Amino acid sequence: RALLFSVQLDFTVTEKVSKTIKKMAPHLHDKIDNNWVISREVISKEFLKAFDANPINSLKLFDEHGLLEILFPDIATLQSCEQSPPYHLEGNVLNHIFYAFEQTESKEYKSYFPKPISLMTKLGILFHDVGKSSTQSTDDDGRKHFKGHASTGAELTKKVCKNMSLGSSEYYPFKCDALSWIVKHHLFSIEHQKESRSKIELEQLFFSDKYPSESLLQVMLADLMGSKTGDKIRSTEPFEALWAQLKEMAPNGELPAPL
């Protein structure tokens with residue numbers, strides 16, 4: 001809660017409070033008679049409030065005080081998951097996530113999505129590459145690859161979401177399957193550019209009230225814009241092509257409203 005107040009109200013965490021947080025943090029996993037001393041729902045509520053207020057600052061504060069590794073180790077480990085040029089000059093995966101969040105405030109991003117992004121979109125950006133640590137490989141030229149990280153990340157997201165009761169928080173109730181769906185499909189615009197999908201599939205994914213399609217589109221764009229590339233590589237081309245096609249398909253040129 002101290003970190004929540006720091007993020008929401010721009011308070012400074014004193015050295016004394018900081019030391020106490022670091023000392024007590026491991027006890028968040030304490031149990032009595034096989035029951036959590038502090039429920040996952042309470043922890044998730046405080047985390048989501050802080051994260052929603054300022055994703056980058058909250059993650060850095062949680063990491064600085066050892067809470068990221070304790071509560072979300074699969075996110076914390078992304079700091080040591082390096083990526084290769086020319087598509088990821090920003091470095092490790094967590095740096096990429098931070099840079100993706102920064103892009104959501106850019107003029108280019110807001111030309112597509114002028115309204116503030118939802119907490120579902122923010123969570124999608126946070127988890128979209130969570131599968132990279134467990135799928136990382138290195139080829140003979142030293143380049144890093146992450147084959148299958150989207151589907152692996154989707155399963156991992158579902159597991160983390162349920163274990164931490166993220167979707168059960170009264171602050172922002174949602175279905176873990178919806179967040180997992182975003183992670184699973186966050187590479188869709190790139191895949192669609194390589195091998196065009198049918199209009200039926202596009203309609204099922206982006207013109208149905210079954211899925212959080214607007215959040216998926218927002219995550220896709222943040223992911224591409226959050227990838228620092230060489231001068232000759234236009235990272236957002238796959239999204240731009242998909243967006244234009246969806247606009248042509250949409251009644252009156254309007255995409256479906258968010259869930």
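All values below were derived from every heavy atom in this structure, side-chain atoms included, with hydrogens, water molecules and symmetry-related copies excluded. Along the sequence shown, the residues carry numbers beginning at 1. Note that the structure is predicted; figures quoted are calculated from it, not measured.
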>> If you apply the rule ring pair (Phe, Tyr, Trp, His ring centres under 6.0 Å), what do you find for Y211 with F206, and how did you get there?
In response: CA-CA 8 Å; Y211 306 114; F206 298 103; 9.4 Å; no
Answer yes or no: is there an ion pair linking [X] with [Y], defined by an N-O contact shorter than 4.0 Å?
X    : Y    : result
E15  : K19  : yes
E170 : K45  : yes
D129 : K132 : yes

Could you tell me if [Y] and [X] have a donor-acceptor pair between their side chains, going purely by distance under 3.5 Å?
X    : Y    : result
S151 : K184 : no
Q204 : S208 : no
H65  : S18  : yes
H128 : H185 : no

>> Would you compute the distance between atom OH of Y109 and atom CE of M225 and round it to the nearest 0.5 angstrom?
In response: 8.5 Å
> How many angstroms lie between atom CD1 of I38 and atom CE of M24, to the nearest 0.5 angstrom?
Replying inline: 8.0 Å
With the side chain counted from C-beta on, respond yes when [X] and [Y] share a heavy-atom pair under 4.5 Å apart, and no when they do not.
X    : Y    : value
K107 : K110 : no
L67  : L61  : no
F127 : V219 : no
L59  : N54  : no
Q83  : V93  : yes
F51  : L119 : yes

> Within 45 degrees of the axis of the six-membered ring of F98 and under 6.0 Å from its centre: does K60 put its NZ or CZ there?
Replying inline: yes
Would you please indicate if the ring centroids of [X] and [Y] are separated by under 6.0 Å?
X    : Y    : result
F72  : F47  : yes
H186 : H149 : yes
F174 : Y172 : yes

> Should we say atom CD of Q79 is surrounded by more than 12 heavy atoms from elsewhere, each under 6.0 Å from it?
Replying inline: yes
